[in-house]
Amino acid sequence: MNTEGKKKKFPRIVVICIAVFLTYLAIHYWDPLIAFIGKLLSAAAPLFIGAIIAFIVNIFLRFYEKHFFRKSEKDIVKKLRRPVCILLSYLTVAAIITAIAFLVIPQLIDAGTSLFERLPVFLENIRENQFVMKIVSGLPEGMQKAIQTADPNLMLNEILSFLTTGILGKTGVTAVITGVASSVFKTFIGLIFSVYLLASKEKIKAGLKRFFATYLHPTANKVLLRIASVLNESFRNYLVGQFTEALIMGTLCLIGLSIFRFPYAPIIAALMAVGVLIPIFGAYIGAIAGFILVSSVSPVQGFFFLIFIIVVTQVEGNLIYPRVAGFNLGLPGIWILAAVIVWGALFGFPGMIFGVPLTAALYKLLKENMKGRAEKKAAEKANETMPPVSEGDLSGTEQSIETLNNENKGNL
């Protein structure tokens with residue numbers, strides 16, 4: 001008995017010793033460990049980029065595969081379905097990005113030119129406002145001089161000088177160019193990796209399932225598959241819903257702004273569409289940016305623009321979007337706000353976008369776990385409250401069954 005007890009305790013002791021040893025190494029070699037993890041993540045960055053690209057493109061790929069000769073039994077169609085649908089999916093994404101760029105970039109140039117032409121009046125208004133001048137007093141001397149003289153060329157030179165000596169001066173032009181080239185290279189490698197992922201996604205999924213089934217306990221494997229399923233559903237529904245809402249918002253703004261002849265309609269529509277991708281705060285950011293652009297032409301139009309945006313957001317959010325998209329994360333509004341604030345503070349703009357579906361998945365898993373535990377406790381409590389069955393009742397039941405069997409034999 002003692003030998004069996006020692007055998008059962010021995011692996012647990014080994015696990016504890018290993019955990020203590022790893023904790024000791026992590027504490028005493030924390031900086032090298034963090035540096036190694038940073039290098040590992042940097043080296044794996046193209047893989048992460050490729051996985052994100054593949055996840056987004058796969059939304060279009062699933063749509064095309066459902067409609068590209070789905071019922072055809074020809075071998076040539078079966079062989080070409082995946083390559084053709086992958087090509088169409090990437091072309092769709094590229095077309096969306098190109099269309100946005102052609103709409104936004106010319107408008108940005110026009111807005112910049114218009115703002116530069118109105119800069120003297122703007123600087124003159126600043127110079128006459130004492131409260132603003134107190135704030136301006138904290139700026140560099142060159143910018144203060146540009147504001148006091150209302151010279152737009154001097155202001156532009158000061159801004160360029162600040163960018164080159166302030167921001168680029170700290171990092172260095174070479175470092176900036178190297179960083180940009182590295183990002184472009186990693187994105188290109190990630191793009192190629194995403195094609196491989198989409199081309200063999202069924203094989204990769206089946207291989208991962210076999211791997212986890214082989215090396216994990218059945219219970220752990222079941223839990224892991226459920227977590228992966230919830231994460232996939234949450235992120236897919238969120239991205240499809242947000243992009244659908246962005247498309248609806250951008251289209252409504254473009255049509256409405258064009259009808260009422262507001263200036264910079266395409267760029268404001270694009271800003272509102274991109275802003276919708278950020279939950280809660282995004283629409284306000286787009287509205288503020290649009291208000292500044294419209295007000296630079298006419299303050300009266302800026303006021304009417306705010307009224308227009310309020311009406312459009314209410315119509316889109318309450319009438320159109322729920323019927324067109326219908327996606328629901330099942331996450332209360334307070335948790336969406338908390339997710340945007342916390343994940344945005346930790347990871348910036350990507351955290352604001354991807355933190356909400358991650359929080360929604362965790363919220364759903366937590367609810368399922370709590371529900372399962374509650375049902376288990378209720379079942380245990382029901383078993384405890386059931387009256388015990390006595391031996392006499394059992395013997396009486398056995399006699400009744402035996403009598404019934406004898407009667408059936410007689411009938412047969």
Original post:
Would F55 and R236 count as a side-chain contact (heavy atoms from CB on, under 4.5 Å) if you check the C-alpha gap in whole Å, the side-chain angles of each, and the deciding distance to 0.1 Å?
Top reply: CA-CA 8 Å; F55 187 87; R236 185 179 67 249; 4.2 Å; yes
Original post:
When rounded to the nearest 0.5 angstrom, what distance separates NZ in K186 from CD1 in I189?
Top reply: 11.5 Å
Original post:
Considering only heavy atoms from C-beta outward, does the side chain of Y264 approach that of V294 to under 4.5 Å?
Top reply: no
Original post:
Are L41 and F48 close enough that some pair of their side-chain heavy atoms sits under 4.5 Å apart?
Top reply: yes
**OP:** Of all the heavy-atom pairs spanning I53 and S194, show the shortest one and how long it is.
**Re:** CG2-OG, 3.7 Å
Subject >> Point-to-point distance, once rounded to the nearest 0.5 Å, from CD1 of I56 to OG of S89 >> reply: 12.5 Å
**OP:** Measure the acute angle between the ring planes of Y363 and W335, then classify it against the limits of 30° and 60° as parallel, tilted or perpendicular.
**Re:** tilted
Anything under 3.5 Å between a donor and an acceptor, one on a side chain of residues 204-214, the other on a protein residue two or more places apart or in another chain? List them.
{"unit_1": "T214", "atom_1": "OG1", "unit_2": "R210", "atom_2": "O", "d": "2.6"}

**OP:** Mind telling me whether F305 and F262 have parallel, tilted or perpendicular rings, with 30° and 60° as the class edges?
**Re:** perpendicular
Original post:
Please, which pairs that meet salt bridge (Lys or Arg N to Asp or Glu O under 4.0 Å) have at least one residue in residues 37-53, sequence neighbours excluded?
Top reply: none
Original post:
When rounded to the nearest 0.5 angstrom, what is the spacing between CD in E65 and CG in L198?
Top reply: 9.0 Å
**OP:** Heavy atoms only: give me the nearest G250-A273 pair and the separation to one decimal.
**Re:** CA-CB, 4.0 Å
**OP:** Evaluate the side-chain contact (heavy atoms from CB on, under 4.5 Å) criterion for residues F60 and L88: first the C-alpha distance (whole Å), next the side-chain angles of each, then the deciding distance (0.1 Å), finally the verdict.
**Re:** CA-CA 8 Å; F60 298 96; L88 289 174; over 6 Å; no
Original post:
Does the side chain of C253 come within less than 4.5 Å of V312's, by heavy atoms?
Top reply: yes
**OP:** Report yes or no: does S42 contribute a side-chain atom to a donor-acceptor pair with the main-chain N or O of G38 at less than 3.5 Å?
**Re:** no
Original post:
Shortest non-hydrogen contact from T313 to I310?
Top reply: OG1-O, 2.9 Å
Original post:
When rounded to the nearest 0.5 angstrom, what distance separates CG in L247 from CG in L252?
Top reply: 9.5 Å
**OP:** Give a yes or no on whether the backbone of V230 and the side-chain of S234 come within a donor-acceptor separation of less than 3.5 Å.
**Re:** no
Original post:
Taking all atoms of both residues into account, what is the closest heavy-atom pair of L231 and A361, and its distance?
Top reply: CD2-CB, 3.4 Å
**OP:** Enter the distance from L91:CG to L87:CG here, rounded to the nearest 0.5 Å.
**Re:** 4.5 Å
**OP:** I would like to know whether V20 and Y24 meet side-chain contact (heavy atoms from CB on, under 4.5 Å); could you show each step before the answer?
**Re:** CA-CA 6 Å; V20 171; Y24 170 81; 5.6 Å; no
**OP:** With rounding to the nearest 0.5 Å, note down the distance linking CD1 in I227 to NZ in K364.
**Re:** 13.0 Å
Subject >> side-chain contact (heavy atoms from CB on, under 4.5 Å) partner of F354, the single match among W343, Y238, F235 >> reply: F235
Subject >> Y90 vs L191 side-chain heavy atoms within contact, under 4.5 Å >> reply: yes
Subject >> Smallest separation among heavy atoms of M272 and A287, with atom names >> reply: SD-N, 3.4 Å
**OP:** Evaluate the side-chain proximity of L61 to N58: yes if any heavy-atom separation is below 4.5 Å, no if none is.
**Re:** yes
**OP:** Check A289 against L271 and note the closest heavy-atom contact, atom names and distance.
**Re:** CB-CD1, 3.9 Å
Original post:
Are I255 and T251 close enough that some pair of their side-chain heavy atoms sits under 4.5 Å apart?
Top reply: yes
Original post:
Just by distance, do the side chain of R82 and the backbone of S200 share a donor-acceptor pair under 3.5 Å?
Top reply: no
Original post:
Which of these passes side-chain contact (heavy atoms from CB on, under 4.5 Å) with I96: V93, T98, T92?
Top reply: T92
